[in-house]
Amino acid sequence: GKKGPESNDILIGEFGALTGSIASFGQSTHKGVALAVEEVNAGGGVLGRKIRLITEDDQGKPEEALTAVTKLISKDRVSALIGEFASSNSLAAAPFAQQSRIPMVSHGSTNPKVTQIGDYIFRVCFIDPFQGEVMAKFARNTLKLDRVAILRDIKSDYSVGLADYFTKSFTALGGTVVADESYSAGDKDFNAQLTALKGKTPAAIFVPGYYTEVGLIARQARKLGVHAILLGGDGWDSDKLWEIGGEALNGSYFSNHYSVDNPSPVIQGFVEQFKARYDGEKPDALAALGYDAAKVLIDAIRRAGSDDPKAIRDSLATTQGFAGITGIISLNENRDAVKSAVVLEVKDGKFVYKETVDP
Amino acid sequence: MKKILLVLAVLGGMGLLQWALTAFLLDGPVRQGPYYYQILMLAGINVILAVSLNLTNGITGQFSIGHAGFFAIGAYVAASVSVYAGPTLQGSLAGLPSFAADSVLLLVASAAGVAAAAAAGWLVGMPSLRLRGDYLAIVTLGFGEIIRVLILNIDAVGGARGFTGIPRYSNFFWVGLGVVAAISTVRHIVRSSHGRALLSIREDEIAAQAMGVAVTRHKVTAFVIGAAFAGLAGSLFGHFTMYLHTNSFTFVKSFEIIIMIALGGLGSLAGAALGAVVLTVLPELFRGFAEYRMVIYALALILIMIYRPQGLLGKGRFLGRGKDK
Amino acid sequence: MTALLRIENLTRRFGGLTAVKNVSFSVKPGQLFGLIGPNGAGKTTLFNLVTGVYAPDEGAIVLGESSIGGLPPHRITENGIARTFQNIRLFASLSVLDNVKAACHMRQSSSLFSGLFRTRAFHAAEEGIDSFSRRLLELLHLDGLAAEEAANLPYGHQRRLEIARALATQPRLLLLDEPAAGMNPQESQELMHLIRRLRDEFHLTILLVEHNMKVVMGVCERIHVMDHGESIAEGSPEQVRRDPKVIEAYLGGE
Amino acid sequence: MLSLRNLSCRYGAVQALTDVHLDVHPGEVVTLIGANGAGKSTALKSVAGLVHPQSGDIVFEGRSILRRQAHKIAAMGIALVPEGRAIFANLTVLENLEMGGYLRTRTQIRDGLEEAFALFPRLRERIRQSAGTLSGGEQQMLAIGRALMARPRLLLLDEPSLGIAPLLVKAIYAGIDAINRTGTTVLVVEQNAHLALRHSHRAYVLETGRIVTEAPSAELADDPRVREAYLGEG
Amino acid sequence: MTAFLQQLLNGLSLGSIYALVALGYTMVYGVLRLINFAHGDVYMLGAFAGYYASKLLHGRLNGGLPEAAVILVVSMIACALVGMLIERLAYRPVRRASRLTLLIVAIGVSLLIENLAQIFFGADPKFFPQILPERMFEWRGVLFTNQQILVLATAVLLMAALTLFIRRTRTGKAMRAVAHNPDAARLMGINVNSIISLTFALGSALAAAGGILVSLNQPSIDPLMGLMTGIKAFVAAVLGGIGSIPGAVLGGLILGLAETFVAGYGSSTYRDAIAFFILIIILLCKPEGLLGKGQVEKV
Ligand SMILES: Nc1ncnc2c1ncn2[C@@H]1O[C@H](COP(=O)(O)OP(=O)(O)OP(=O)(O)O)[C@@H](O)[C@H]1O
Ligand SMILES: Nc1ncnc2c1ncn2[C@@H]1O[C@H](COP(=O)(O)OP(=O)(O)OP(=O)(O)O)[C@@H](O)[C@H]1O
Ligand SMILES: [Mg+2]
Ligand SMILES: [Mg+2]
């Protein structure tokens, strides 16, 4: 404790996968969070105090997430927490945050159960049912498709959640899901599943996975002569998607929090700032969510006028109309973000805005 | 009589320890209390895992790398009992004070977890223990992965979303008892003629058979006991973290347990326990190194094995290359 | 007197090679029976058949009244046959004492349960095992080395430890595969005394494979000779020594 | 040709050799006898570079080979038939023999094979068999044959008669005589002292790690103490 | 029928990847009896070496075959050096310790490489440049690319070449001798250290070649790409009979086919479980692997 609570900083704990198999996402969100904190500190901090971000690695494992959060709360005495990106890790850690009465803001955990843990748990992203519904509506109403197949990442709760809610909405809208295949994050060969899908002749394939696999899936699909439209969720949002998938992705659609093309100065400013800070790297959805989570939390601290966890929690609960990068964020009575989603089309390396879907 | 006293002493000791831990770490003056408590619990659970795997790998010389599978079975079965049968049971225990009721529930759930893991151990062990060395390793690895994939596809235990809503029944009292039970069981086995039979299998199966040791039966017995304790560890784990996800039970976890027993000294009981504690604490000590943490950890592992190849407490010379000669 | 061990028309092939071909003989209780023959004659293979390491292709092996051909090794040991190995197979990293104790497991062990709870029966059994094992070590002059790791013993001592370990299974029939190999003449002499003593003290029947003719001729009461998997002679040491077929195939003229 | 000077060797706490002096002159056959555990094998292994003595020196043809690696010692012309044979169990008989000639040319190997088969005709019969499945005696023949493939100038034999049928023991020692006549120097460790003394020029007696006697073999065979302790007489 | 043939080809294509990586596994295992868990990571390093080499070379050679060849050779040499370094620094000091110690060191090395790679290369996937232009073929409705064929052909060719090398050459024989009895090998005049170094160099170069060929096919590389592939390749090697070179290829192909047919015709959700189940059944029926020679053990 040299820099314990004696020092005047406001302590915020962040936990995420800096190492391990989902480190690419954990590192991305961390960049967003860190950028937000640096920005606030550069602007003089909040309540006249600097913010100190303490980041702990959880290797992407649930029990490590719990350990990390226990450490942050009991050893570092943080006033609030940011994390995790994977719902499974949030679900493992949230009970302790709730029990210790330390507010926790998740940037990317989309499983509805996360915020049900208790009244100290919040999130700034939309939840699986909403996003699944967005794409189902888009496929059915906008693209007028009736035969769609699903290719889900069985290891990811996010992907499974999206696939389930998509199926529900899409069939409710009168469409048919002709096939439901799966893979595991980390796989690199999808030929078997794609060949099987090809036989079912779907008009589109919903692939609610992460860009790490989707690029390859698109490539392999086209090579196998599968020309169905590919649909996906915010897990697609990354520069890497196009880099890996290339032209195979043209004409695909995915739902996202925002469009980088959005001329709004807030968004453009963020993109520029991020690039400047991280060697020209473009922020992906996860980085933007991390940034927003930190900003929402800091805003709550400012409005609370103190770094008392209870006060922060109470002011977090009243977050309304916060203009974040990923949309206008209002937290509802379930402590979930209510915000609209956009559907983007992949076109020659650009993500082109198609439409906005309101909750 | 002496034994009853001993049991009472252990129970009392654990109770006292739990009381002290609660008073000082959880509700008390030690600032990092809950963090230390958390590490202590995980270390205890890892000790049970390592000590039990040591019975199969270290004592009997069967190279199993699927221990996480039994750990998972114990965890999920016990948690299912608590979540699905718990409320009914709770009703019939309404008269008891809450800690007693919790204890009964934990015991029932753990019994189920242990039984399921033991049964799985028997099922896997029966056909596969006639395989040798790396072939056995692959079968056990495959088994662990099969379990993981099956769990991912069972909706009742949350599948990929993870299993939530597990009550927190375990505490250091129970984990400590588990550690004592695991260590004393394995110790008693090793220091009996059954243990010597297991050791003789490790040394030379053909000679062991020629000396009248029923090799397969003994191997399976050791495997089942090892699996049962892994199941116990799983039960305690789930009722402590209150949440289960298959990411905690990949083959990487199996490797970790193997590293624990090798680090401690293969075949040495105290070594396995020490290895488990060191391996739990080490990554925590390296937290300050941020993303270099696992690099340092890996380096430490390599260096320890180079400078102390027999493990921290091992005499170890078996499983060496000697057999080729 | 009926035979303790009867080998009847025993045959075992390895690929194209017939290592044991239609061999028959029988060993009487209490007999010191020798089995000799040139290298590769099939003696060790015969031992392996009798102890269940290999199953016979044809023929029968009868111990007392029961046929044991093809039983798993530990069952055969249970029936009362123990052996030593030509290529020493000790439990290398166990202590000398534990090597012997491990072999006691089959005859004198308490249940797993009583071991776990350290019952009185357990302690009694352990004490029995301990004193029996130490007595065997004494008998083979290994008592000073009880705590030594078996692998570190010199060759000759390892051979004696193999015998002690085999005795710990309390056999009726003991098979010794070249016990004198690696012993100097004086040590072999001691071995001969030992073999006789073991027979008397433990009421054993002993089947012995050995290339040291001093030992074979010195202790065996009856000798069976094999060559290329087949029996070529059987008789008293005197008869065998003078048998021209044996001289030609094995002993050489002196 | 070979000389061990003040050689001492320990395994952990066990002192296997103490201050051993031993000389082998070119063209000689020298026997080393001693009881179980006297340290005979250790002496041979030290020469071959398989164990590393703590002090003293080993000189081969004027050069110290004490700290040299085993493969370099082999390349200098020393071959060891080790205790326990150390054959390559999963290679065939032929491959084992070929490995023996690892440092030699193809034609030399071909000639070597003929010589080995002439000495041990049984090996030719078993040429394609996995060495590990050979009978004990056959493995011993293979180990000797393999060492001869290297055409060593100094041949170290650790109990070559171990597990060998009487008729063949004679053949092996006749073979040793023959090899010696072609100029190979031999150092042999043997339990069967009768035989070894009859086939060697000089002999050393090793007792618990120390050389206690050194004499021409014929003399030693008559020494009453030796007769009692190592020849099993008296 | 077309779908079946397509799946067959998919399976062979996936299997040939496992086969390629399994070859190196089996080589190192054959000599050291070591499950070299770091092999999968060397495979990853090979892919990254290729990635950076092509970035450096870009525009200096005119692309096409010569450039691809240079990149391949550079990565193979780089990985051979890494392999030798790993052996020298990490494995040699514990070579005489127990097999398990060696295994733990291997796991440690694997962890070390993965985590260093995450730091130096970044954890996110990179696009592997198409150093050999891709061409598509069609035969009776079955679609495949030149690169898939290349991987399969390379695996089979390497298998043949390695088998010949091990069986026929002096060095190859020395490798087998070292595998079976290092002390005896030294007595034969074999420099055990250099043979082992060489084995690692060779195995690692193979891994690098594998990394590059596979990345042509699946052009997304990341620091953990070796983890799963490594485990699967190891499974393949054991299935085929560990230590056996043709076994590694056969095992790889069978594993690939099993996974593909389970996913294509059974349930892709249970793919890994069923594939492992099939493997277990095969091993239970053939305990020393498909082409493995049971350890001959004369009693
Ligand atoms: N598992 C096996 N596979 C193939 N051949 C074998 C096997 N076991 C033994 N043999 C062959 O069978 C023959 C008999 O071997 P065995 O070991 O019984 O001989 P032995 O009489 O004990 O000889 P020795 O006195 O040299 O020990 C030998 O030629 C040997 O090569
Ligand atoms: N690897 C080892 N570790 C510990 N002690 C050893 C080792 N090898 C040999 N010894 C000990 O060193 C001493 C000499 O052994 P060595 O094998 O040289 O004897 P030897 O004369 O060859 O005996 P034998 O006639 O039985 O072959 C013995 O006391 C033996 O126990
Ligand atoms: Mg024999
Ligand atoms: Mg010796």
Side-chain angles (χ1 to χ4, degrees), chain A residues 17-28 59-60 151-152 154-155 160 179-200 210-217 219-220 222-226 238-246 278-279 281 284 286, chain E residues 2-11 13-15 17-18 111 114-115 118-119 122-128 130 134 136 138 141-145 147-148 214-215 217-225 227-229 232 256-272:
Chain A
L18 297 181
T19 63
S21 59
I22 55 172
S24 52
F25 313 125
Q27 291 181 0
S28 221
Q59 299 173 44
L151 182 56
R152 61 170 90 193
I154 185 74
K155 245 165 96 177
V160 170
D180 192 337
E181 298 282 339
S182 64
Y183 63 90
S184 296
D187 283 358
K188 299 223 185 272
D189 182 286
F190 311 91
N191 285 319
Q193 295 93 321
L194 291 167
T195 306
L197 287 180
K198 187 182 176 188
K200 305 276 172 53
Y210 288 106
Y211 63 91
T212 38
E213 279 85 24
V214 170
L216 281 180
I217 290 175
R219 260 179 187 275
Q220 290 175 13
R222 302 308 181 225
K223 276 191 221 167
L224 285 170
V226 178
S238 164
D239 258 9
K240 299 280 172 190
L241 180 71
W242 179 260
E243 198 182 316
I244 292 167
Y278 298 109
D279 299 332
E281 190 181 323
D284 55 18
L286 296 169
Chain E
T2 311
F4 176 81
L5 285 177
Q6 183 72 55
Q7 291 293 24
L8 194 68
L9 189 95
N10 293 342
S13 162
L14 177 62
I17 289 171
Y18 295 147
L111 265 178
E114 281 165 13
N115 284 287
Q118 282 200 339
I119 292 170
D124 50 345
K126 307 246 178 316
F127 175 71
F128 191 83
Q130 295 303 86
E134 181 176 64
M136 309 265 296
E138 194 192 326
V142 180
L143 295 159
F144 54 95
T145 67
Q147 291 166 353
Q148 281 173 315
V214 171
S215 304
N217 231 347
Q218 303 170 347
S220 158
I221 61 174
D222 62 82
L224 295 187
M225 66 189 274
L227 190 65
M228 244 334 184
T229 313
K232 294 272 176 74
L257 285 169
E259 287 190 356
T260 303
F261 278 99
V262 168
Y265 290 98
S267 147
S268 51
T269 33
Y270 290 102
R271 179 176 85 168
D272 284 351

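None of these values were measured; they are calculated from a predicted model. So that the names make sense, note that chain A is the first sequence line, chain B the second, and so on, each numbered from 1.
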For this session: Quick one: which of E:Q118, E:Q6, E:K126, E:E259 has the most heavy-atom pairs under 4.5 Å with chain A, could you say?
Result: E:Q118

Exercise. What option among A:S238, A:G245, A:G20 has the most heavy-atom pairs under 4.5 Å with chain E?
Worked result: A:G20

Exercise. Have A:T195 and E:N10 got a donor and an acceptor in their side chains that come within less than 3.5 Å?
Worked result: yes

Problem set entry | Which atom of A:D189 lies closest to which atom of E:Q218, heavy atoms considered | CB-NE2, 3.6 Å

Seminar exercise, completed: Between E:Q7 and A:A192 the two heavy atoms that sit nearest each other are NE2-O, 3.0 Å

For this session: Compare every heavy atom of A:K240 with every heavy atom of E:P125, then report the nearest pair and how far apart it is.
Result: O-CD, 3.0 Å

For this session: With rounding to the nearest 0.5 Å, note down the distance linking NZ in A:K188 to CG in E:N217.
Result: 12.5 Å

Problem set entry | Region of A:I244 in contact with chain E, defined by heavy-atom distances below 4.5 Å | both

For this session: Please name the pair of heavy atoms, one in A:E181 and one in E:A263, separated by the smallest distance, quoted to 0.1 Å.
Result: OE1-O, 3.6 Å

Exercise. For E:L224, is it the side chain, the backbone, both or neither that has a heavy atom under 4.5 Å from a heavy atom of chain A?
Worked result: side chain

Exercise. Hey, which of A:E213, A:Q193, A:K223 has the most heavy atom pairs under 4.5 Å with chain E?
Worked result: A:K223

Exercise. Checking A:S24 side chain against E:D124 main chain: does a donor-acceptor pair fall under 3.5 Å?
Worked result: no

For this session: Measure the OG1-CG distance between E:T260 and A:N191 for me, rounded to the nearest 0.5 Å.
Result: 7.5 Å

Problem set entry | Interface residue of largest heavy-atom contact number with chain A, from E:P219, E:A3, E:G264, under 4.5 Å | E:P219

For this session: Pick one of side chain, backbone, both or neither for A:Y183, based on which atoms fall under 4.5 Å of a heavy atom in chain E.
Result: neither

Exercise. Salt-bridged, A:K155 to E:D272, with N to O below 4.0 Å?
Worked result: no

For this session: Identify which part of E:T145 has an atom lying under 4.5 Å from any heavy atom of chain A, answering side chain, backbone, both or neither.
Result: side chain

Exercise. Measuring from A:S184:OG to E:M228:CE, what's the distance to the nearest 0.5 Å?
Worked result: 7.5 Å

For this session: Answer yes or no: is there a side-chain heavy-atom contact under 4.5 Å between E:L143 and A:K198?
Result: yes

